[in-house]
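First up is the structure itself, then whatever we jot down about it.
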Protein chains: 2
Amino acid sequence: MSESIQIMVVDDHHIVRQGLVALIATMPDMKVVAEAADGMQAIELHRRYRPDITLMDLRLPHKNGVEAIAQIRTEFPTARIIVLTTFDGDEDIYRALQAGAKGYLLKGMTADELTQAIRTVHSGKSRIPAVVAERLAERMGGPSLTSRELDVLKRIVGGRSNKEIASDLFISEATVKTHINSILSKLGVSDRTQAATTALQRGIVHLD
Amino acid sequence: MSESIQIMVVDDHHIVRQGLVALIATMPDMKVVAEAADGMQAIELHRRYRPDITLMDLRLPHKNGVEAIAQIRTEFPTARIIVLTTFDGDEDIYRALQAGAKGYLLKGMTADELTQAIRTVHSGKSRIPAVVAERLAERMGGPSLTSRELDVLKRIVGGRSNKEIASDLFISEATVKTHINSILSKLGVSDRTQAATTALQRGIVHLD
DNA sequence: CGAAATCTCCACCTTTTGGTGGAGTATGCA
DNA sequence: TGCATACTCCACCAAAAGGTGGAGATTTCG
């Protein structure tokens, strides 16, 4: 049969791509048909090769993984994408799944887990590990930050003072304080430094 | 000839190990003789296999990369270790090189860069890329934190207040402030939140 | 030994941050 | 239409953080 599963691998690290290709090569019914090193390339190559499954890292240069997923899913609503990332505390998991990813794997997994996930997702099901599902549920339950609060939080992480944030966003310092108050209570912390580190830990913002 | 280079691969991510093994397998004169997933295992396997070259990730469970390097180099002063990491801003580079690493590579490298580095280090030379050497020189030039300042900085990143830090360290709040003043000026920042984020960015401390 | 660095602490002051409670406007959804 | 949410802003207050300058004790190292 010509039923070998066509796979695209997206990761900016050459070694990781190599590892995935090597792992997949041991499976007779799977084949890597394309490799991309960034989000843009992933979108282009998806158009060209229409892989059955895309294994995608979230941290990518140019266009990040979440954006790439959204774009690909817009063009090809049936695209099946499995997210592959190093950081399990990452808020982007949630965003990626919302953007239409069908599976999620940590890079520490075994070959078996990978091939199982590929088969599961290829068969049309989703494959989200218990740990992640749990964290996701947790996350969903918890209060989410508004976009304005995110603007402020990013600047807190960037080390800006309330005054600077106010002028960055063209609002008064009082408003900044209001937002910060919401942020602190939503994150369950008591000052901006904690807000910064827990935001980084939970992957709500990144140090790029 | 029996002159194939014996290599040990240390990384907690299965995929990365697989990638390295696959890359190295394409070189006829190199061979992976051992794989370790954490620092302890790396030390044990080094005793058993005495590889010519060890490729070591720095972020490892149990015993971190730097400790493992130090331990291995204590037992086998001639061990040749190449550090392999994802994060190029990482302060651990410096520590790893001090601990006796002979080479340093980012995971984004090409197959050529890897094999070249292996050959260079195997021949007894060091192989530190220009970018890293530069950053290292920069780092050396810059003021370094004292151990007490590091104690304080860690707690700042941990989101502790001055009062809490004081009681953690059994010193007065005044002393904490003194240390923080030094930290801020040494890091070239103006408040604790910036201190936290730049410390994370430069890899001086980690969010574990 | 003597200089340098480190660690500890104090006083005094200014600025920043966080806490509380209230309030008006716009938007969107039931 | 009416309620909920998000965004904006205000005043007032208390606590925390940061800036400056000085000082004694200990260790380290040339």
Side-chain angles (χ1 to χ4, degrees), chain A residues 91 94-95 98 139-202 204-205, chain B residues 91 94-95 98 139-202 204-205:
Chain A
E91 186 84 350
Y94 162 77
R95 296 186 193 131
Q98 267 219 331
R139 209 225 80 104
M140 301 289 253
S144 63
L145 299 181
T146 68
S147 81
R148 207 51 168 166
E149 285 160 1
L150 246 187
D151 289 339
V152 173
L153 181 55
K154 278 178 196 161
R155 283 166 179 81
I156 287 176
V157 173
R160 316 274 295 161
S161 70
N162 291 348
K163 199 174 296 186
E164 289 170 325
I165 295 173
S167 80
D168 282 353
L169 301 179
F170 307 106
I171 57 181
S172 84
E173 210 179 322
T175 307
V176 174
K177 284 188 173 191
T178 305
H179 289 312
I180 291 181
N181 261 305
S182 315
I183 293 170
L184 295 183
S185 71
K186 285 183 180 176
L187 295 184
V189 298
S190 55
D191 64 63
R192 57 173 51 218
T193 306
Q194 289 177 9
T197 52
T198 72
L200 288 170
Q201 206 156 31
R202 289 185 39 186
I204 299 172
V205 296
Chain B
E91 186 85 350
Y94 161 77
R95 298 189 193 127
Q98 269 219 330
R139 208 225 81 103
M140 300 291 251
S144 63
L145 299 181
T146 67
S147 82
R148 208 52 168 165
E149 285 159 0
L150 245 187
D151 289 339
V152 173
L153 181 55
K154 277 178 196 159
R155 283 166 178 83
I156 287 176
V157 172
R160 315 274 296 160
S161 70
N162 291 348
K163 198 174 297 184
E164 289 170 325
I165 295 173
S167 81
D168 283 352
L169 301 180
F170 307 106
I171 57 181
S172 84
E173 209 179 323
T175 307
V176 174
K177 284 189 175 193
T178 305
H179 289 312
I180 290 181
N181 262 304
S182 315
I183 293 169
L184 296 184
S185 70
K186 284 183 181 177
L187 295 184
V189 298
S190 54
D191 64 64
R192 57 174 49 220
T193 307
Q194 289 177 8
T197 53
T198 72
L200 289 169
Q201 205 157 32
R202 288 185 41 184
I204 299 172
V205 296

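Sequence lines set the chain letters: A, B, ... in the order given, protein chains first and strands last, and positions in each chain run from 1.
Atoms OG and CD, on A:Ser161 and B:Gln194 in that order, are 8.5 Å from each other to the nearest 0.5 Å.
Counting only residues at least two apart or in different chains, salt bridge (charged side-chain N to carboxylate O under 4.0 Å, His left out) contacts with residues 175-198 of chain B comprise B:Glu149-B:Lys186.
With sequence neighbours excluded, the residues forming a side chain to side chain donor-acceptor pair (under 3.5 Å) with A:Ser172 are A:Thr175, listed by chain and number.
Residues A:Ala195 and A:Leu187 come closest through the heavy atom pair O-CD1, 4.0 Å. For the residue pair A:Ala196 and B:Thr197, the shortest heavy atom distance occurs at CB-CG2, 4.5 Å.
Atom CG of A:Leu145 and atom C1' of D:dA6 are 13 Å apart (whole Å). Note: CG (A:Asp151) to C1' (D:dA6) measures 13 Å, nearest angstrom.
B:Ile156 is listed as a side-chain neighbour of A:Thr193, based on a closest heavy-atom distance under 4.5 Å. Using a 4.5 Å heavy-atom threshold, the side chains of B:Arg155 and B:Leu169 count as touching. Looking at A:Asp151 and A:Ile165, their side chains never come closer than 4.5 Å, going by heavy atoms from C-beta outward.
Across its full length, the helix from C:dC1-D:dG30 to C:dA30-D:dT1 shows an angle of 60° between the axes of its 5 terminal pairs at either end, rounded to 10 degrees.
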Note to self: Determine whether A:His179 and A:Arg148 satisfy the following criterion, side chain to side chain contact (heavy atoms under 4.5 Å, CB included), listing intermediate values before the conclusion.
What the structure shows: CA-CA 8 Å; A:His179 289 312; A:Arg148 207 51 168 166; 3.5 Å; yes
Checklist line | Audit row: B:Val152, B:Ile183, side chain to side chain contact (heavy atoms under 4.5 Å, CB included) steps and yes/no | finding: CA-CA 9 Å; B:Val152 173; B:Ile183 293 169; 3.8 Å; yes
Next item on the list: Run the numbers on B:Asn162 and B:Ile180 for side chain to side chain contact (heavy atoms under 4.5 Å, CB included), then give the verdict.
Entry: CA-CA 9 Å; B:Asn162 291 348; B:Ile180 290 181; 3.0 Å; yes
Next item on the list: Could you give me the CA-CA distance, side-chain angles and deciding distance for A:Ile204 and A:Thr198, then say whether side chain to side chain contact (heavy atoms under 4.5 Å, CB included) is met?
Entry: CA-CA 8 Å; A:Ile204 299 172; A:Thr198 72; over 6 Å; no
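Between A:Ser147 and the phosphate of D:dA6, there is no side-chain N or O to OP1/OP2 separation shorter than 4.0 Å.
Protein chain B touches strand DNA chain C; the 5'-most and 3'-most nucleotides with an atom under 4.0 angstrom of its non-hydrogen atoms are C:dT6 to C:dC10.
Looking at B:Glu164, its side chain never comes within 3.5 Å of a backbone N or O of B:Arg160 through a donor-acceptor pair.
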Margin query: Across nucleotides 24-30 of chain D, 5' to 3', mark each nucleotide with B, S or - according to how protein heavy atoms within less than 4.0 Å reach it.
Written below: -------
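Within residues 152-181 of chain A, the residues that place at least one heavy atom under 4.0 Å from DNA chain D are, in residue-number order, A:Ile171, A:Ser172, A:Ala174, A:Thr175, A:Thr178, A:His179.
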